[in-house]
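Letters go in sequence order (proteins before strands), and every chain restarts at 1.
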Number of protein chains: 2
Amino acid sequence: MSSLLELRHLRTLTALRDAGNLSRAAELLNLTQSALSHQLKLLESVYGGALYERKSAPPRFTAIGARLLELSDRLLPHVDAAERDLARLAAGTAGQLRIAVECHTCFDWLMPAMDAFRARWPEVEMDIVSGFNPEPAALIPQDKADFAVVSTDGNGLTGVDFHPLFRFEIVAILSRSHALVEKPWLEAADFAGETLITYPVPDEMLDVVRQLLGPSGITVQRRSTELTAALLQLVASGRGISALPLWAVKSYLDRGYVKHCTIGRGGLYGSLYGACASRLSGAPYMMDFVRLVRESCFLTLPGITLL
Amino acid sequence: MSSLLELRHLRTLTALRDAGNLSRAAELLNLTQSALSHQLKLLESVYGGALYERKSAPPRFTAIGARLLELSDRLLPHVDAAERDLARLAAGTAGQLRIAVECHTCFDWLMPAMDAFRARWPEVEMDIVSGFNPEPAALIPQDKADFAVVSTDGNGLTGVDFHPLFRFEIVAILSRSHALVEKPWLEAADFAGETLITYPVPDEMLDVVRQLLGPSGITVQRRSTELTAALLQLVASGRGISALPLWAVKSYLDRGYVKHCTIGRGGLYGSLYGACASRLSGAPYMMDFVRLVRESCFLTLPGITLL
DNA sequence: TATTGATAATGAACTTTATTCATAATCCTG
DNA sequence: CAGGATTATGAATAAAGTTCATTATCAATA
């Protein structure tokens with residue numbers, strides 16, 4: 001009798017468009033693929049026709065689907081804006097967001113999220129905590145930062161909450177002529193004698209060391225540089241091998257500038273978490289920031305998985 | 001974590017504003033007062049404050065409530081429009097809406113609903129079936145009308161659906177000096193010897209006759225005229241008494257032009273139904289028309305109850 | 001100031017709906 | 001045509017939303 005269309009459905013539809021397929025849309029919405037499939041099926045039964053062609057990627061929407069998407073585009077921004085206004089009404093206070101990072105790569109994806117955030121919460125003062133801190137989460141209890149990007153949850157810090165961000169594969173980067181490119185995957189022993197080219201961070205912050213080389217007692221030479229491009233240049237010219245997030249080097253690999261190789265049997269994976277003071281964990285602007293980070297990363301970084 | 005605001009909530013809020021209080025809002029939405037109360041409570045717990053001041057009629061909204069209403073006003077018309085577009089996509093065919101009425105009073109409330117309908121479904125041809133038909137529902141199987149306003153459901157007509165509209169009290173209208181105005185209510189015997197002033201319709205169409213005079217075997221003189229104003233003029237000048245819907249004469253009563261009196265112990269009530277061909281019963285434009293009629297009547301006719 | 005009537009709130013039972021889980025079907029690609 | 005990825009499906013589960021029955025609150029009024 002009465003209309004059954006809800007915002008939930010519109011969110012699903014836009015997620016489907018943004019994510020490219022149902023499974024990814026589900027990930028974006030923190031739901032299962034099944035849930036969305038059922039949702040769409042229901043809508044289709046109500047409106048008497050398919051909403052999109054299933055077998056196409058990116059999805060091609062039918063007239064019905066397109067009309068609903070048009071509605072979504074018109075509505076959701078207003079809903080979003082209203083909810084932020086309401087959060088502001090509730091909190092009153094403006095707040096600040098001082099961001100600390102542990103590694104350089106973070107900036108690649110942090111910037112777009114920060115830009116989006118600035119547009120949505122103009123009254124929140126945003127800053128980057130200068131310098132690179134080996135353990136940025138420690139800055140939070142000291143009230144020197146409000147948000148820190150870290151690669152491990154729960155450091156035993158009290159009063160600090162960790163929000164899962166995403167998980168990504170770390171691959172070994174080799175020059176095109178390197179002998180090891182033939183191997184299906186690299187084991188710890190393969191690194192012996194090689195020079196490991198990395199960002200300038202302490203050993204214990206490197207996932208390759210922490211998860212592979214450390215446990216197996218293998219030590220390697222280290223050489224470091226700040227920029228990804230410089231790092232790859234060194235690898236390409238045979239000065240050593242590196243281990244970097246797949247998403248960070250995807251474009252270089254596609255161009256064939258360097259080669260890559262899985263590390264360990266099932267691959268080596270790193271995870272990132274956003275740390276913030278428990279006191280701010282529930283603050284709408286903080287939740288929105290975490291959401292924006294997750295969303296923009298998921299939509300722009302190839303091959304990552306949301307946590 | 002994720003937003004829980006849904007269109008449902010926005011609809012509740014606008015209904016609350018339109019209807020004036022929670023109970024009436026519930027009636028408008030075909031829900032219970034309790035349901036809406038729970039809904040609002042939930043919203044208030046989420047947004048951390050009241051949405052409106054309960055004890056005031058009409059409701060006074062807080063900043064939070066007002067912001068949500070602002071959102072509703074921006075969103076709901078678009079949702080509505082989209083759903084109509086989708087219905088058009090599904091049905092394809094334009095359709096027509098020929099309306100037949102049984103009594104003159106209907107036009108008072110039919111007009112605004114028809115105007116609203118015309119704006120929403122410009123492609124549907126709307127017409128009024130000329131002449132007053134003692135039994136307009138009969139025109140539907142003959143395909144001479146698509147919608148008929150009748151005062152009884154289920155005439156034993158097959159292929160015709162009856163949609164409950166609303167229920168209203170019918171009161172006796174007396175001149176200010178009439179002896180009967182002193183009585184707490186009128187019984188059948190009180191009508192004996194009086195002239196009953198009515199619209200020009202057959203006896204069996206009049207609720208007073210059908211429900212009160214008929215069963216008790218009392219017959220009265222009849223005199224009829226087409227216009228409500230003329231009818232009241234006759235009553236006021238002592239030519240007889242009348243029995244009319246309370247909502248139709250409310251303004252005359254408020255001005256003290258005539259007096260009124262309850263008919264029978266618990267009062268006399270009439271009900272109206274919208275009849276249409278079963279085949280069209282589920283057509284979006286027909287459902288929308290019924291909805292518009294119910295809604296506009298509920299919001300404009302004083303003292304009625306939705307069925 | 002009690003009484004009544006109207007409106008709103010509440011907690012528990014209930015119903016409906018949404019989501020997940022486990023699995024099967026389908027589609028695409030190499 | 002196998003294997004991987006995506007989608008569909010039915011049943012089970014979880015989570016709501018809604019109603020019911022009752023109580024609380026408030027305003028008008030006797």
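In this structure, the side chain to side chain contact (heavy atoms under 4.5 Å, CB included) partners of His38(B), at least two apart in sequence or on a different chain, are Ser34(B). With sequence neighbours left out, Glu169(B) forms a side chain to side chain contact (heavy atoms under 4.5 Å, CB included) with Val171(B), Leu246(B), Thr262(B), Tyr269(B). Considering only residues two or more places apart in sequence or on other chains, Arg60(B) meets the salt bridge (Lys or Arg N to Asp or Glu O under 4.0 Å) condition with Glu53(B). Applying the salt bridge (Lys or Arg N to Asp or Glu O under 4.0 Å) rule to Asp161(A) yields no partners; only residues at least two apart in sequence or on another chain are considered. Applying the side chain to side chain contact (heavy atoms under 4.5 Å, CB included) rule to Pro284(B) yields the partners Ala87(B), Trp121(B); only residues at least two apart in sequence or on another chain are considered. Annotation: salt bridge (Lys or Arg N to Asp or Glu O under 4.0 Å) contacts of Lys250(A) (sequence neighbours excluded): Asp254(A). Shown here are the ring pair (Phe, Tyr, Trp, His ring centres under 6.0 Å) partners of Tyr52(A), two or more places apart in sequence or in another chain: Phe61(A).
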**OP:** Go along nucleotides 5-19 of chain C 5' to 3' and tag each nucleotide: B for a protein heavy atom under 4.0 Å from its base, S when only backbone or sugar atoms are that close, - otherwise.
**Re:** --SBBBBB-----SS
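Under the 4.5 Å side-chain criterion, counting only non-hydrogen atoms from C-beta, Ser37(B) is in contact with Gln33(B).
Taking every nucleotide of DNA chain D with any atom under 4.0 Å from a non-hydrogen atom of chain B, the first and last of them, 5' to 3', are dG17(D) to dC20(D).
For residues 13-37 of chain B, the set of pairs meeting the salt bridge (Lys or Arg N to Asp or Glu O under 4.0 Å) definition, not counting sequence neighbours, comprises Arg17(B)-Asp73(B). Sorted by first and then second residue, the ring pair (Phe, Tyr, Trp, His ring centres under 6.0 Å) pairs involving residues 287-307 of chain B (not counting sequence neighbours) are Phe117(B)-Phe289(B), Phe147(B)-Phe289(B).
Near DNA chain C, meaning a heavy atom under 4.0 Å away, there are no residues from residues 297-307 of chain A.
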